[in-house]
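Here the structure is a predicted model, which is why all the values come from computation and not from measurement. In each ligand, atom 1 is the first atom listed, and ligand 1 is the first ligand listed.
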Amino acid sequence: MPHDLSHKRDIPVLFTAEEIQSQVDRLAQEIGNSMPQDVMVISLLKGSFMFTADLVRALHGVGMKPQIDFMTLSSYGSGTSSSGSIAVNRDLSDSVAAKHVLLVDDILESGRTLHYAEDVLRQRGVASIKIAVLLEKPGKRDLPVRADYVGFTIPDRFVVGYGLDYANYYRELPYIGVVELH
Ligand code: IMP
Ligand code: MG
């Protein structure tokens, strides 16, 4: 029996695939101008998989030679934010000691996720950390986290697509859209 997908709706577009690509290209330019060529890209799963895939190709385009690794954090919260406690669910495969890290996530909201990830990496002796996020919601921070590279600043709406999910759906959308939560 297939799952019941009748709750899946058409999702109105906030940013088109083309608009996303041009911001990704701009971010790669900025990163290329300010980070070492052999940067260690650490992508937080699952939300940042599509952003990371496009970003590293754009980094190649500006002459960078990144290494790439992935980490999955689990957070126990409401499902639409990371209000609960956070832990490493699947870890990196390699040491990050003495590396210049570019930490990549889909969206910066409360700051809990990135604050935790940054903490873990610092404890492992990284040389430096910069943070890139595709999206940022201002005025929602519980913890002091600053992203060095930001694709779009968005209003306080729940967004999906391009890797971002609602209940693990909609990650496949090539654009970013808005879900009305009720
Ligand atoms: P933070 O830890 O509150 O900064 O939130 C970051 C995480 O919450 C992201 O990695 C997402 O998984 C999730 N999140 C926050 N806002 C949204 C949204 O609008 N759509 C989808 N996921 C979101
Ligand atoms: Mg999520």
- Query: So between Tyr170, Phe158, Tyr166, whose heavy atom ends up nearest atom 22 (N) of ligand 1?
  - Reply: Phe158

- Message: Could you check whether any heavy atom of Arg157 sits closer than 4.0 Å to an atom of ligand 1, since that is the contact criterion I want to use?
- Response: yes

- Message: Distance under 4.0 Å to a non-hydrogen atom of Ser110: what atoms of ligand 1 satisfy this?
- Response: 1 (P), 2 (O), 3 (O), 4 (O)

- Query: Does any N/O atom on Leu164 come nearer than 3.5 Å to any N/O atom on ligand 1?
  - Reply: no

- Query: Which part of Lys140 is near ligand 1, with near meaning a heavy atom under 4.0 Å away: side chain, backbone, both or neither?
  - Reply: neither

- Message: Per the salt bridge (charged side-chain N to carboxylate O under 4.0 Å, His left out) rule, what does the pair list look like for residues 93-104, sequence neighbours excluded?
- Response: none

- Query: Are side-chain N/O atoms of Tyr162 and Asp54 paired as donor and acceptor at under 3.5 Å?
  - Reply: yes

Sequence neighbours excluded and cut-off under 3.5 Å, please list the side-chain donor-acceptor pairs for residues 38-47, or say none.
unit_1	atom_1	unit_2	atom_2	d
Ser43	OG	Ser48	OG	2.8
Ser43	OG	Thr52	OG1	2.9
Lys46	NZ	Asn168	OD1	3.3

- Determine whether the side chains of Tyr116 and Ser85 contain a donor N or O and an acceptor N or O closer than 3.5 Å. no

- Option of least heavy-atom distance to atom 9 (C) of ligand 1 (set: Leu45, Val178, Thr113, Asp106): Asp106

- Message: Give the atom numbers and elements of ligand 1 that come within less than 4.0 Å of a heavy atom of Asp165.
- Response: 21 (C)

- Query: What do you reckon, are the aromatic ring centroids of Phe15 and Tyr175 less than 6.0 Å apart?
  - Reply: no

- Message: Within ligand 1, which atoms have a heavy atom of Asp105 less than 4.0 Å away?
- Response: 10 (O)

- Task: Could you establish whether Gly111 and ligand 1 come within less than 4.0 Å of each other, counting only heavy atoms on the residue side?
- Result: yes

- Could you tell me whether the side chains of Arg26 and Gln29 share a donor-acceptor contact shorter than 3.5 Å? no

- Message: For a quick check under 3.5 Å, do Gln21 and Asp25 share a side-chain donor-acceptor pair by atom type?
- Response: yes

